[in-house]
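Here the structure comes first, spelled out in structure tokens, and everything after it is commentary.
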Amino acid sequence: MTSPTRPAAARFELVIPTEQGEFIARYSARGLARLTFPRTGTAPRVRPAIPRDLLQQISTWHRLTSRALKMILSGRAPLNWPPLDLSGGTEFQRQVWAALQRIPLGRTASYGDLARDIGRPQAFRAVGGACGANPIVVLIPCHRALAANGRLGGFSGGVKWKRTLLAAEGIAVPAR
DNA sequence: AGGCGAGTGAGGA
DNA sequence: TCCTCACTCGCCT
């Protein structure tokens with residue numbers, strides 16, 4: 001056939017400028033597949049052009065992503081969300097990510113709480129791993145997962161970001 | 001209070 | 001099959 005078949009895994013990147021830097025959003029044909037923190041000191045890279053048949057769809061999603069991100073960064077709960085393409089995760093990871101999305105803005109849960117939420121009370125340690133594999137920072141609020149006894153725990157994007165995000169949501173940030 | 005070790009489930013090499 | 005965790009708990013100073 002003449003229609004160019006895109007690989008199912010095709011991803012298209014757009015940036016979201018914020019006061020904190022440029023977040024990078026990556027879209028598949030199914031929705032937002034990845035959102036990453038601003039990188040410091042990397043050369044701007046060439047991004048593949050978005051095919052015409054996806055342009056309008058992705059533009060719409062990107063507006064939703066940008067607004068939702070900026071809302072959370074300013075401590076307000078987003079009204080609308082882009083569709084999320086979480087097909088890259090395992091079943092267990094998707095369950096953890098869904099549990100994270102149930103934590104309201106301004107609230108936190110411990111890794112143990114999340115493990116109980118998904119019906120695997122002993123899997124609290126694996127929950128940490130799934131949080132670390134979260135492909136969509138901020139919108140899937142892995143920063144709201146703390147260790148037991150209110151300790152901060154870790155963060156794949158760096159603990160500084162975790163503190164920043166918690167502070168933006170008005171959460172008292174543990175000393176460590 | 002704080003350190004330490006064992007136990008734990010999932011994922012990746 | 002092994003190893004590594006963004007953990008938790010209990011026991012010990």
Side-chain angles (χ1 to χ4, degrees), chain A residues 7-11 13 15-16 18-28 30-42 65 68-78 81-176:
Chain A
R11 297 288 188 272
E13 286 186 0
V15 301
I16 304 176
T18 73
E19 291 182 4
Q20 323 268 14
E22 286 190 345
F23 285 72
I24 299 171
R26 190 181 300 174
Y27 298 89
S28 73
R30 306 164 84 170
L32 177 64
R34 196 166 186 82
L35 180 65
T36 55
F37 288 111
R39 293 193 223 291
T40 54
T42 55
T65 303
L69 173 63
K70 288 171 184 175
M71 289 283 280
I72 295 175
L73 290 178
S74 60
R76 288 167 295 163
W81 301 75
L84 307 184
D85 178 4
L86 300 177
S87 57
T90 66
E91 180 60 28
F92 177 81
Q93 289 169 337
R94 283 197 300 266
Q95 286 180 18
V96 172
W97 299 338
L100 285 167
Q101 291 179 82
R102 282 183 229 117
I103 309 173
L105 185 141
R107 304 277 299 278
T108 62
S110 74
Y111 298 99
D113 291 336
L114 292 163
R116 283 186 287 276
D117 277 357
I118 63 172
R120 314 289 291 271
Q122 307 293 70
F124 45 79
R125 198 167 187 178
V127 165
C131 291
N134 169 25
I136 300 178
V137 301
V138 185
L139 297 199
I140 294 177
C142 47
H143 56 282
R144 293 176 198 148
L146 304 182
N149 305 321
R151 292 195 313 279
L152 188 59
F155 200 63
S156 59
V159 170
K160 258 182 87 171
W161 267 112
K162 192 169 189 173
R163 293 178 177 282
T164 300
L165 294 169
L166 290 172
E169 298 192 9
I171 295 166
V173 181
R176 63 194 189 94

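Here the structure is a predicted model, which means the values were calculated and not measured. All heavy atoms count here, side chains included; hydrogens, waters and symmetry mates do not. Just so we're on the same page: letters track the sequence lines, and every chain starts at 1.
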Please classify the nucleic acid contact of A:Phe92 as base, sugar-phosphate, or nothing, using heavy-atom distances under 4.0 Å.
sugar-phosphate
A:Ser28 and A:Arg30: side-chain hydrogen bond (donor to acceptor under 3.5 Å, both in side chains), yes or no, with the steps?
CA-CA 5 Å; A:Ser28 73; A:Arg30 306 164 84 170; 5.7 Å; no
Regarding A:Glu169 and A:Arg144, does a basic nitrogen lie under 4.0 Å from an acidic carboxylate oxygen?
yes
Sub-3.5 Å donor-acceptor pair from the side chain of A:Asn134 to the main-chain atoms of A:Trp97, do we have one?
no
Across every strand shown, the nucleotide meeting Watson-Crick or G-U wobble geometry with C:dA6 (both distances under 3.5 Å) is none
Any side-chain to backbone donor/acceptor pair from A:Asn149 onto A:Arg151? Under 3.5 Å, distance only.
no
Closest-nucleotide mapping onto DNA chain C: is A:Asn149 or A:Tyr111 further toward the 5' terminus? I mean the 5' end.
A:Tyr111
Do the side chain of A:Lys162 and the main chain of A:Leu146 share a donor and acceptor less than 3.5 angstrom apart?
no
B:dG7 C1' sits how many Å from A:Arg125 CZ, rounded?
8 Å
Partner of B:dA1 under the Watson-Crick or G-U wobble criteria, both distances under 3.5 Å, comes out as C:dT13
For A:Gly112, which contact category applies under a 4.0 Å heavy-atom criterion: base, sugar-phosphate, or nothing?
sugar-phosphate
Parallel, tilted or perpendicular: rings of A:Phe23 and A:Trp161 (30°, 60°):
perpendicular
Starting at CD of A:Gln93 and ending at C1' of B:dG12, how long is that distance when rounded to a whole Å?
11 Å
The first and last nucleotides of DNA chain C lying within contact of chain A, meaning any atom under 4.0 Å from one of its heavy atoms, run from C:dC5 to C:dT8
